[in-house]
*Asks:* 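Pasting a structure here, questions to come.
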Amino acid sequence: SFFFPVLPDITIPDYKKIASEIMKTEESTKATDEEVSQAVKELLKQFSTKDAERAERRFGYPRSVAISRLGELFISDGDNQRILKISTSNEIERSFGGIGAGRGRLQAPGRVRVSDNDMVYIQDLNQIVVFDIFGNYVKSIGKGIFQQLKAFTIDNNIPFVLDGCN
């Protein structure tokens, strides 16, 4: 069986949305919780293993998952400090934020969200790093301002942040 906390900030409705994309169903409510967990497990097996021959296919603990409006999957790879972009055909399209990313290099990527205008927001320590849908660095938000960034969400292309500063 699949243990849901592997992706800690994904809720059952989020899993159903992922499963509907994976299973190509018209409505996410058609998927049962068991079908959802199995679909996510099978998807992750397709392109995630620490033992893969190709380095771009290796990742350890996925910290977060987000789906773009086009159905692309973005996975926060905490072990390799990068984001993997998975195409709608379940192929790794690219990775970004890793070594060699310059100003967009991620130190400890956590929660990932995709806005309606196709910007990818990643919680990275006490800042939010923003990339475009192609993985190009756009900007950082809150660096030196947030003290204990706990969580964030995107609504109408505006980030809302929960900072647990003292």
Side-chain angles (χ1 to χ4, degrees), residues 4-29 31 36 39-40 43-44 47-48 56 59 61-98 100-165:
F4 281 104
V6 167
L7 303 171
D9 61 344
I10 299 296
T11 63
I12 295 298
D14 290 332
Y15 275 114
K16 286 188 177 184
K17 184 176 178 185
I18 291 168
S20 69
E21 292 293 327
I22 296 165
M23 298 163 57
K24 304 297 182 204
T25 60
E26 292 179 16
E27 298 176 30
S28 61
T29 56
V36 170
V40 171
L43 176 65
L44 290 176
F47 55 81
S48 66
E56 70 271 9
F59 74 84
Y61 182 74
R63 293 186 180 165
S64 180
V65 174
I67 299 177
S68 74
R69 63 185 175 87
L70 302 173
E72 301 151 323
L73 198 63
F74 292 83
I75 301 174
S76 175
D77 177 2
D79 284 358
N80 296 301
Q81 295 134 349
R82 64 183 178 170
I83 303 299
L84 291 174
K85 180 181 179 183
I86 311 301
S87 70
T88 56
S89 58
N90 293 340
E91 296 293 324
I92 295 175
E93 186 174 307
R94 71 188 48 172
S95 69
F96 55 92
R103 292 186 345 186
R105 180 160 186 213
L106 300 170
Q107 301 299 311
R111 183 170 297 216
V112 59
R113 296 290 179 259
V114 181
S115 67
D116 293 336
N117 65 347
D118 297 325
M119 301 304 277
V120 182
Y121 293 76
I122 297 110
Q123 182 177 342
D124 188 39
L125 300 174
N126 286 320
Q127 67 177 338
I128 297 172
V129 182
V130 184
F131 294 86
D132 65 18
I133 201 83
F134 304 107
N136 299 307
Y137 172 80
V138 175
K139 64 182 174 180
S140 294
I141 301 170
K143 187 172 186 173
I145 297 171
F146 302 140
Q147 295 177 13
Q148 295 176 8
L149 183 59
K150 300 290 185 188
F152 78 98
T153 191
I154 307 295
D155 188 35
N156 290 324
N157 301 316
I158 300 170
F160 291 87
V161 177
L162 175 62
D163 186 22
C165 62

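Keep in mind the model is a prediction, meaning the values are calculated, not measured.
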*Asks:* Within the 4.5 Å heavy-atom criterion, are Ile141 and Val130 side-chain neighbours or not?
*Replies:* yes
*Asks:* Got Ser95 and Asp77 here, is their nearest side-chain heavy-atom distance under 4.5 Å?
*Replies:* no
*Asks:* Give me the atom names and distance for the closest heavy-atom approach of Ser64 to Gly110.
*Replies:* CB-O, 3.4 Å
*Asks:* Do Asp118 and Arg69 come within less than 4.5 Å of each other through their side chains, counting heavy atoms only?
*Replies:* yes
*Asks:* Do Asn117 side-chain atoms and Asn157 backbone N/O form a donor-acceptor pair below 3.5 Å?
*Replies:* no
*Asks:* How many angstroms lie between CD1 in Ile128 and CZ in Arg111, if you round to the nearest 0.5 Å?
*Replies:* 10.0 Å
*Asks:* Please find the pair of heavy atoms, one from Arg94 and one from Phe134, that lie closest to each other, and give the distance.
*Replies:* NH1-O, 2.8 Å
*Asks:* Closest approach of Gly97 and Phe131, non-hydrogen atoms and distance?
*Replies:* CA-CZ, 4.1 Å
*Asks:* Quick check: closest heavy atoms across Asp163 and Ile145, and the distance to 0.1 Å?
*Replies:* OD2-O, 4.2 Å
*Asks:* Please round to the nearest 0.5 Å and tell me the distance separating atom CZ of Phe152 and atom OH of Tyr121.
*Replies:* 9.0 Å
*Asks:* With distance as the sole test, does Asp124 use its side chain to make a donor-acceptor pair with the main-chain N or O of Ala108 at under 3.5 Å?
*Replies:* yes
*Asks:* Quick one: salt bridge (Lys or Arg N to Asp or Glu O under 4.0 Å) pairs with a partner in residues 127-147, sequence neighbours left out?
*Replies:* none
*Asks:* Which residues pass the side-chain hydrogen bond (donor to acceptor under 3.5 Å, both in side chains) test with Asp116, sequence neighbours left out?
*Replies:* none
*Asks:* Quick check: closest heavy atoms across Val65 and Arg113, and the distance to 0.1 Å?
*Replies:* O-NH1, 3.8 Å
*Asks:* Quick one: list whatever passes side-chain hydrogen bond (donor to acceptor under 3.5 Å, both in side chains) with Ser87, sequence neighbours left out.
*Replies:* Ser89
*Asks:* Roughly how far apart are Thr88 OG1 and Glu93 CD, rounded to 0.5 Å?
*Replies:* 8.5 Å
*Asks:* Return yes if some donor-acceptor pair links the side-chain N/O of Ser76 with the main-chain N/O of Pro109 below 3.5 Å, else return no.
*Replies:* yes
*Asks:* Do any N or O atoms from the side chain of Gln123 and from the backbone of Leu149 form a donor-acceptor pair under 3.5 angstrom?
*Replies:* yes
*Asks:* Under 3.5 Å, side chain of Thr153 to main-chain N/O of Phe160, donor-acceptor pair present?
*Replies:* no
*Asks:* Rounded at 0.5 Å granularity, tell me how far CZ in Arg82 sits from CG in Asn80.
*Replies:* 4.5 Å
*Asks:* How long is the gap from NZ on Lys85 to CD1 on Ile92, to the nearest 0.5 Å?
*Replies:* 13.0 Å
*Asks:* State the CD1-CE distance between Ile154 and Met119, to the nearest 0.5 angstrom.
*Replies:* 10.0 Å
